[in-house]
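Structure record follows, encoded as structure tokens.
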Amino acid sequence: IEKKEEGKAMEVKIHEIPLNEREWCYKNEGACNIILSFCGEPTSPFAGNVLRLKKKLEKRKHGVGKEIDEYKFITNTMKPLIGSSYVHPGVMVKVNPKFLENIDNKIYEERPKHRIKDRIDITSSFALIMPDISLFTSFDDVDANMNTFCIEIKPKWGFMPTSKYIHSDNSVKKEKCRYCLHQHLKFSEGSVHHISGYCPLDLYSSDKSRIMKALKNLFKHPQNNLKVYKAGNLIYTGHLGGRKEDDDNFTEDHLRKNLGVSFFPASPEPVDELIELLCDILLKEPVLQNLKKIQKQDCLDIEAIYQLYQHTLPSDHPDKKTINKEESSRFDTLLEKLNDEKISEQIRSFLIAATAKDCSIMISLGTSVGVDDEQQKSDSSVESFIRYKEGMKFKYKIGVVDLDERAQSLIPQYFALDSKIVAKFKQTNGQQSF
């Protein structure tokens, strides 16, 4: 990528590189994007990279300018906030409709059933080629990546709101974390089979015992919040993360065997060893605390942001709602304090926080043998090393992904979901089975 800095301006170079659909295979996907891994010749310049393609979504704005703006958002806004060593935006490449259509048809049967309604956007002009964080490209021997593990965690909200604009009827939002509240709605709708014991507040706590507890619960009920890759291939997750119901290769026993062979041959509980190793890395690195700081830019809560959003809309806008006087009066003092520019700033801060609340952290791990610490430190700006039990040394790198900019048009959807989550928890009184 070539960038030219002039104040806050950044020129993005678009690369014209021929892409062959036969060389790209389905790897993973989230709500907005599909990730393909390179499956061509290992000597290709594409080896060790992934291709990120956009989905066609109703609420997403389309067009060349929008795609470039999204790239700039990750590079200019999220990368400095999270940390330059954690965010790898990649390069923009031109794609054509025929290539996208062929890929869409090729991977359709491999995609999780709950995701296939959103197809690849074949009108996109660009895609992103990014480093495959689940692999180490600095290994001299290609085979060394065969024993690389990557753990992807979607940590979600790391704080409980304290905003005075939260209605007294919704006070449960100040007493229970958002993830835990949302679990009850998902359970009642059948999208999860068990209510997870995972709580993000434990993961973000900086307390080793609480982080261990959070990670153990993620491995017990991964849902779509935990994925484990070996040699770049998904080997463990929940059914929301892409696990097929009849696939025995996604069991914890299968994960245990893989870890035992590659990392912890002497341990009777290799998954517990992995959890402790991950905990040590998360205590060493500031990535979670950086994310929590960004998330807390949502200081007003969606209840107030929704009112500010309504205030910005013209009377004929389809999202414009008539709000009763009693409800709107709660926000009169807020609106009196904020001019239009300040309202826009508050909405933008909320949307940046929304990106940080829904991103994923990828931690790649490899064994490190026969290289001294000083040499290791100079190998790569994004790779680090950690000493574990009994003289074991591991190489690791961290990447934060799924950093798309959230659109203002999503605010009514966020507000509706928030209301639905609170209503369901109050209806069940939080009494559903774990």
Side-chain angles (χ1 to χ4, degrees), residues 1 12 14-40 44-75 88-134 152 154 191 224 227 229 232-234 237 239-244 355 358-360 362 399 401-407 409-410 413:
I1 197 83
V12 179
I14 312 300
H15 295 255
E16 296 193 48
I17 307 170
L19 297 174
N20 184 338
E21 63 267 17
R22 291 189 295 275
E23 295 181 326
W24 298 95
C25 304
Y26 179 81
K27 183 180 181 74
N28 198 4
E29 65 185 279
C32 302
N33 305 292
I34 292 177
I35 305 297
L36 306 175
S37 58
F38 182 73
C39 51
S44 166
F46 293 131
N49 288 279
V50 295
L51 184 68
R52 195 188 81 162
L53 303 176
K54 296 280 189 189
K55 293 183 183 179
K56 189 168 184 63
L57 303 174
E58 215 174 290
K59 288 280 186 178
R60 171 178 264 165
K61 289 184 180 178
H62 300 277
V64 172
K66 180 60 182 171
E67 292 181 72
I68 293 173
D69 286 344
E70 287 178 355
Y71 180 84
K72 288 181 177 180
F73 173 77
I74 296 171
T75 305
H88 316 288
V91 296
M92 294 189 77
V93 294
K94 280 192 175 181
V95 287
N96 62 65
K98 186 64 178 172
F99 170 79
L100 295 173
E101 187 177 359
N102 288 343
I103 287 285
D104 189 44
N105 292 328
K106 175 184 175 181
I107 68 172
Y108 182 79
E109 295 295 334
E110 299 176 62
R111 297 176 58 198
K113 288 181 181 177
H114 71 285
R115 297 285 195 191
I116 57 175
K117 61 182 176 57
D118 296 318
R119 305 293 290 260
I120 290 173
D121 183 3
I122 64 171
T123 66
S124 288
S125 301
F126 309 116
L128 283 178
I129 292 182
M130 310 160 72
D132 188 342
I133 299 166
S134 68
E152 180 179 349
K154 188 177 280 291
S191 61
N224 70 330
K227 297 175 182 178
Y229 302 85
N233 299 309
L234 185 64
T237 187
H239 76 279
L240 288 177
R243 172 182 179 173
K244 294 179 173 63
T355 294
D358 204 36
C359 66
S360 293
M362 301 186 75
V401 298
D402 298 335
L403 294 172
D404 293 296
E405 185 174 15
R406 270 45 179 181
S409 57
L410 290 172
Q413 185 177 317

State, to 0.1 Å, how close [X] and [Y] come at their nearest heavy-atom pair, and which atoms those are.
X: C32; Y: L57; result: CA-CD1, 3.9 Å
X: S134; Y: D132; result: OG-OD1, 2.5 Å
X: H88; Y: P131; result: CB-CG, 3.7 Å

Backbone N/O of [Y] and side chain of [X]: donor-acceptor pair under 3.5 Å:
X: N105; Y: E101; answer: yes
X: R406; Y: L410; answer: no
X: K54; Y: E67; answer: no
X: S44; Y: G40; answer: no
X: Y71; Y: G90; answer: yes

Kindly determine whether V50 and M130 satisfy side chain to side chain contact (heavy atoms under 4.5 Å, CB included), including the steps that lead there.
-> CA-CA 5 Å; V50 295; M130 310 160 72; 4.1 Å; yes
Partner set under side chain to side chain contact (heavy atoms under 4.5 Å, CB included) for [X], not counting sequence neighbours:
X: K98; answer: N96, N102
X: R22; answer: N20
X: V401; answer: I133, S360, M362
X: L403; answer: I74, M78, I82, V87, T355, C359, V400

Identify, with sequence neighbours excluded, every residue that meets salt bridge (Lys or Arg N to Asp or Glu O under 4.0 Å) alongside K106.
-> none
Candidate list I129, I103, L19, test side-chain contact (heavy atoms from CB on, under 4.5 Å), partner L36, passing option = I103
Hey, are the side chains of [X] and [Y] touching, using non-hydrogen atoms and a 4.5 Å cut-off?
X: E29; Y: R111; result: yes
X: N28; Y: Y229; result: yes
X: I35; Y: L51; result: no

If you round to the nearest 0.5 Å, how far is [atom2] of [Y] from [atom1] of [X]?
X: E21; Y: I107; atom1: CD; atom2: CD1; answer: 12.0 Å
X: S125; Y: M92; atom1: OG; atom2: CE; answer: 8.5 Å
X: S37; Y: N233; atom1: OG; atom2: CG; answer: 7.0 Å
X: T237; Y: K227; atom1: OG1; atom2: NZ; answer: 5.5 Å

Residues that E405 engages under side chain to side chain donor-acceptor pair (under 3.5 Å), provided they are two or more places apart | none
Partners of D104 by side chain to side chain donor-acceptor pair (under 3.5 Å), sequence neighbours excluded?
->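 In terms of side chain to side chain donor-acceptor pair (under 3.5 Å), with neighbours along the sequence ignored, D104 is linked to R119.
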What do the steps show when you test L53 against S124 for side chain to side chain contact (heavy atoms under 4.5 Å, CB included), and what is the final call?
-> CA-CA 8 Å; L53 303 176; S124 288; over 6 Å; no
Test K56 against D118 for side chain to side chain contact (heavy atoms under 4.5 Å, CB included), laying out the working first.
-> CA-CA 6 Å; K56 189 168 184 63; D118 296 318; over 6 Å; no
Across all chains, not counting sequence neighbours, the ring-ring contact (aromatic ring centres under 6.0 Å, His included) partners of F38 are W24, F46
Which residues share a ring-ring contact (aromatic ring centres under 6.0 Å, His included) with F73, sequence neighbours left out |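 Not a single residue meets the ring-ring contact (aromatic ring centres under 6.0 Å, His included) criterion with F73.
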Run the numbers on D402 and D358 for side chain to side chain contact (heavy atoms under 4.5 Å, CB included), then give the verdict.
-> CA-CA 7 Å; D402 298 335; D358 204 36; over 6 Å; no
Would you check, one step at a time, whether the test side chain to side chain donor-acceptor pair (under 3.5 Å) holds for N33 with D404?
-> CA-CA 9 Å; N33 305 292; D404 293 296; 2.5 Å; yes
C25: what forms a disulfide bond (SG atoms under 2.5 Å apart) with it, not counting sequence neighbours?
->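 Scan of C25 (disulfide bond (SG atoms under 2.5 Å apart), adjacent residues dropped) gives C39.
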